[in-house]
Amino acid sequence: MLTEIAFHHGASDAEIADWLATRLARELDRRDGTVAITVPGGSTPFPILAELAKKDLDWSRLEIWPGDDRCVPADHEASNFGRLAATLEGTGACVTPLDEGSQPPHFALAWLGMGGDGHIASLFPNTDPQIEDEKQVRRLTPDPLPPEAPFDRVTMTLPKLLSAEALMFVIRGEDKLKVFEEAARGENDLPVARLLGHSRGEVTCFA
Ligand SMILES: O=C(O)[C@H](O)[C@@H](O)[C@H](O)[C@H](O)COP(=O)(O)O
């Protein structure tokens, strides 16, 4: 089954930040109280977030959660929460660390990256992520440990990510895009395919 995805090819970090700012402004207008989103770790998101941090938004009503994190102290260079808090410092946004016992809120948007092995958040293929997982957040050990961040992880689960009103991906590189497109066509059973195969809301991919 082909998942309906809106692809945007060749978008710059600034253009993706513009898209996010427009989406967040719309979500803030549509409801009272806070708007929560989840964002990825890794290398791709932070230049985008640095651009987004310059936007004129009601940041005091925005709650930002890492979709996953490495099990390291917040001041460790590999900490997604630490990098996120530093990048958004001064905006007024509430940046929340993800812990095994976290009960994350409802998300207006789940922004994800993807590894070349088809992992999303820290749902690596070896962890065999389940659509029916009864947990919202899990601690797990990738195997093999990713050389760029060889740590245990804490991650939102497939049902938690699927409960978001919309999914958005930033996929950089032809090899990754090939894996993503195969997953969208249901041609693999990687974690990204399991997510896409059960998504019922809007899916956007910047590649
Ligand atoms: O904690 C992490 O590393 C991420 O959440 C992870 O899922 C990341 O999004 C992908 O591995 C892509 O990483 P890059 O953006 O570095 O390619």
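Read the numbers this way: they start at 1 and go in the same order the structure lists the ligands and their atoms.
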query = Taking only heavy atoms of Met114, which atoms of ligand 1 are found under 4.0 Å from at least one of them?
reply = 10 (C), 12 (C)

key: Where Ala121 and Gly67 come nearest, the two heavy atoms and their spacing   = CB-O, 3.9 Å

request  = Could you point out which residue of Trp111, Trp19, Phe169 forms a side-chain contact (heavy atoms from CB on, under 4.5 Å) with Phe206?
outcome  = Trp19

key: Nitrogen or oxygen atoms of Pro45 and ligand 1 under 3.5 Å apart   = no

task = With heavy atoms of Gly113 as the reference, note each atom of ligand 1 found under 4.0 Å away.
result = 9 (O)

message = Would Glu148 count as a contact residue for ligand 1, given that I'm defining contact as a non-hydrogen atom of the residue lying under 4.0 Å from a ligand atom?
response = no

message = Tell me whether Arg153 reaches ligand 1 (any heavy atom closer than 4.0 angstrom to a ligand atom).
response = yes

Donor-acceptor under 3.5 Å (Thr22 side chain, Asp18 main chain) = yes

remark   = Residue, atom and distance of the protein heavy atom nearest atom 13 (O) of ligand 1 read Gly42 CA, 4.0 Å

query = Who gets closest to atom 5 (O) of ligand 1 by heavy atom: Asp68, Thr44, Leu123?
reply = Asp68

task = Please answer: with hydrophobic residues joined when any side-chain heavy atoms are less than 4.5 Å apart, are Leu52 and Val35 in the same cluster?
result = yes

query = Which atoms of ligand 1 have any heavy atom of Ala121 under 4.0 Å away?
reply = 5 (O), 6 (C), 7 (O)

ask   = Tell me, which protein residue and heavy-atom name are nearest atom 3 (O) of ligand 1, and how many Å apart are they?
value = Arg70 NH2, 2.8 Å

ask   = Is Met114 close to Leu190 at the side-chain level, that is, under 4.5 Å between some pair of heavy atoms?
value = no

inquiry  = Applying a heavy-atom cut-off of 4.0 Å, say which part of Asn80 lies close to ligand 1: side chain, backbone, both or neither.
reply    = side chain

inquiry  = Is it true that Thr157 and Asp133 share a donor-acceptor pair across their side chains at a distance under 3.5 Å?
reply    = no

remark   = Among Lys176, Arg172, His119, the residue with a heavy atom nearest to atom 17 (O) of ligand 1 is Lys176

Ion pair Arg83/Asp69, N-O distance below 4.0 Å = no

ask   = Looking at Arg31 and Glu165, does any basic side-chain N land under 4.0 Å from a carboxylate oxygen?
value = yes

note = Closest to atom 8 (C) of ligand 1 among protein heavy atoms sits Gly41 O, 3.9 Å

